[in-house]
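See below for the structure under consideration.
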Amino acid sequence: MIESASIVYVTVLDKYIQLKLTDNRTRRVRISLRQFEKHLPPNLFLRIHKRYIVCIRHVRFVDMDVTMRTGDKLPISKEFKDAFLSHFIIL
């Protein structure tokens with residue numbers, strides 16, 4: 001079992017999803033991203049791309065990509081960008 005608080009982001013790898021954790025480890029789980037998304041708290045986890053879900057607590061910066069506190073840069077698609085940005089105060 002992995003607590004949702006320890007997940008930085010989730011991505012798709014073939015028939016698996018890969019969880020990037022706060023301690024920089026990764027875990028693979030055989031489940032679809034859509035199925036896994038149903039188990040995540042919707043107020044903390046948002047989809048930014050058809051292949052990525054991020055925890056908004058671990059977002060450092062948003063530009064053309066989403067930069068996570070781990071330093072990972074993740075793509076953000078046009079399809080999800082407006083909904084994603086609506087969860088932040090933009091200065």
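Note that the structure is predicted; figures quoted are calculated from it, not measured.
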Worksheet entry | Joint hydrophobic cluster, L44 plus I53, side-chain heavy atoms closer than 4.5 Å | yes

Worksheet entry | For F36 against I31, the heavy-atom pair lying closest together | N-CD1, 3.9 Å

Worksheet item: Is there side-chain contact between V62 and T67, with heavy atoms separated by less than 4.5 Å?
Response: no

Worksheet item: Distance-only, no hydrogens or angles: does the D63 side chain make a donor-acceptor pair with backbone N or O of D65 under 3.5 Å?
Response: no

Worksheet item: With hydrophobic residues grouped by side-chain heavy-atom distances under 4.5 Å, do V29 and F45 end up in a single group?
Response: yes

Item to complete: Hey, could you give me the CZ/OG distance between R57 and S4, rounded to the nearest 0.5 Å?
Response: 8.0 Å

Worksheet item: Is there a path of hydrophobic side-chain contacts, each under 4.5 Å between heavy atoms of I, L, V, M, F, W or Y residues, that connects V59 with I76?
Response: yes

Fill in: Shared hydrophobic cluster, L21 / V54 (ILVMFWY, side-chain heavy atoms < 4.5 Å)
no

Worksheet entry | Connected via hydrophobic side-chain network under 4.5 Å: V10 and I56 | no

Practice prompt. Provide the closest heavy-atom pair for L33 versus Y52 in the form atom of the first, atom of the second, distance.
Written response: CD2-N, 4.0 Å

Worksheet item: For L19, does its backbone N or O pair with a side-chain atom of R25 as donor and acceptor, under 3.5 Å?
Response: no

Worksheet, complete the sentence: Heavy atoms of A5 and H58 approach each other most closely as O-NE2, 4.0 Å

Worksheet item: Between T11 (side chain) and R51 (backbone), is there a donor-acceptor pair under 3.5 Å?
Response: yes

Practice prompt. Assess whether atom CG of D14 is packed by more than 12 heavy atoms of other residues, nucleotides or ligands within 6.0 Å.
Written response: no

Practice prompt. Among D72, T70, T26, find the one that has a side-chain hydrogen bond (donor to acceptor under 3.5 Å, both in side chains) with K20.
Written response: D72

Item to complete: Taking the side chain as every heavy atom from C-beta outward, state whether M68 and R60 have any atom pair closer than 4.5 Å.
Response: no

Discussion item. Distance check, rounded to the nearest 0.5 Å: Y16 atom OH versus R30 atom CZ?
Written reply: 5.0 Å

Discussion item. If we ignore hydrogens and angles and just use 3.5 Å, is the side chain of R47 paired with the main-chain N or O of K50 as donor and acceptor?
Written reply: yes

Discussion item. Would you say that R27 contacts I2 through its side chain, given a criterion of any heavy-atom pair below 4.5 Å between the two side chains?
Written reply: yes

Discussion item. For C55 versus I7, what's the shortest heavy-atom pair and its separation?
Written reply: CB-O, 3.4 Å

Practice prompt. I would like to know whether L46 and H87 meet side chain to side chain contact (heavy atoms under 4.5 Å, CB included); could you show each step before the answer?
Written response: CA-CA 9 Å; L46 299 172; H87 286 82; 3.5 Å; yes

Discussion item. Distance check, rounded to the nearest 0.5 Å: R69 atom CZ versus Y9 atom OH?
Written reply: 15.5 Å

